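Values in this document were obtained by computation on a predicted structure and should not be read as measured data. Starting from 1, each residue takes its place in the sequence as its number.
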Amino acid sequence: MDLRVLRYFVAVAEERHVGRAAGRLHMAQPPLSRAVRGREDELGATLFERTPKGVSLTAAGALLYDEAVALLARADRIRDRVTAAGAATLTVGTLADTAEHAGARLVALFRERHPHVDVRVHETDLADPTAGLRAGLVDVALTRTPFVDNGISVHVLRPVRTGVVLRDDDPLSGRPSVSTADLAGRRWICLPDGTDPAWAAYWTSGVPGGPVVRTIQECLQAALWNGISAFAPLGQPLPPGLRVVPVVDRPPSDLVVAWPKAGGGPLVRGFVRVAASLSPADWTP
């Protein structure tokens, strides 16, 4: 028997009213009535006595109700046991502060849909914008663009404007915004050798000679102690004495979910679907 139609039948039997059962099942009343009629036709038995006030079970309906409840309970147990037996681990890569964007909404939705999955978070430093994805260390990643995306699929979750990190005593720190031309001649942070070229070109000036940093904290401390310039997302948490001034002629850096183009399996696809279903506001830390 079709378990879906059995669930319809049980709802009508318990609610004793087709309209209330339709509301419980989050469906319209006509298709529910047709499904119940179809089950009666299939069995050659009347399952409900219908009155203006609702419905009641016939003897045949009462027998089917007992069997249906037992069958559906067993089906649910089978599903839970199979899911538990296939419990797996999903490793999510994050880049520096992007772990903070995996807020309560994402966690709650993913846990609701995949309660038996063990989720592990792997954080990488600023040298790897794919957050371990290219190295095969993670299954899926929450990270920022731009980076070379050969072999990697991405879905944009939220564009993020960027600015320059300045000390409070910097001559430009009081401005509402600056341009790239305003920042000429400054000393900038550098990223380690071998860093993704698209990533390095976006987040540094490309001028060698500045301190090499691997983490956001190293970057912020270089700005705080030595006045080294660095780009950062607007809204980046800062220690006292620093601020981020928007750079008006720079394109945004997108917060993205990334995964292998080759696939990654049902858990990766499930994670991507959940992440993509959220609104941009859900990704505000």
Are Tyr202 and Thr145 linked by a side-chain donor-acceptor pair shorter than 3.5 Å?
no
Any Cys219 side-chain heavy atom under 4.5 Å of Val165 side chain:
no
Rounded to the nearest 0.5 Å, what separates atom OG1 in Thr46 from atom CG in Leu57?
12.0 Å
Check whether any side-chain heavy atom of Arg39 sits under 4.5 Å from a side-chain heavy atom of Tyr8, and report yes or no.
no
Would you call the rings of Phe48 and Phe9 parallel, tilted or perpendicular, where under 30° means parallel and over 60° means perpendicular?
tilted
When you measure from the side chain of His114 to the backbone of Val117, do you find a donor-acceptor pair of N or O atoms at a distance under 3.5 Å?
no
Just wondering, do Ser277 and Leu109 contact through their side chains at under 4.5 Å, heavy atoms?
yes
Ion pair present between Arg34 and Asp41, side-chain N to carboxylate O less than 4.0 angstrom?
no
For Arg161, is the CZ atom crowded, meaning more than 12 foreign heavy atoms sit under 6.0 Å from it?
no
Are Val247 and Leu242 linked, directly or through intermediate hydrophobic residues, by side-chain heavy-atom contacts shorter than 4.5 Å (ILVMFWY only)?
yes
Could you tell me whether Arg37 atom CZ has more than 12 heavy atoms of other residues or ligands within 6.0 Å of it?
no
For a quick check under 3.5 Å, do Thr180 and Asp249 share a side-chain donor-acceptor pair by atom type?
yes
Could you tell me the separation between the CG atom of Leu267 and the CG atom of Asp139, rounded to the nearest 0.5 Å?
8.0 Å
Using a strict cut-off of less than 4.0 Å between a Lys/Arg side-chain nitrogen and an Asp/Glu carboxylate oxygen, indicate whether Arg243 and Asp168 qualify as a salt bridge.
yes
So that I can tick it off, tell me whether Lys261 and Asp149 are bridged by a salt bridge, with the cut-off set at under 4.0 angstrom between side-chain N and carboxylate O.
no
Check: Trp259 ring centre within less than 6.0 Å of Phe271 ring centre:
no
Check this for me, if you would: do Asp170 and Arg186 make a salt bridge, where the nitrogen-to-carboxylate-oxygen distance has to be below 4.0 angstrom?
yes
Does Glu14 pair with Arg7 as a salt bridge, N-O distance under 4.0 Å?
no
Shared ILVMFWY cluster between Leu166 and Leu238, side chains joined below 4.5 angstrom?
yes
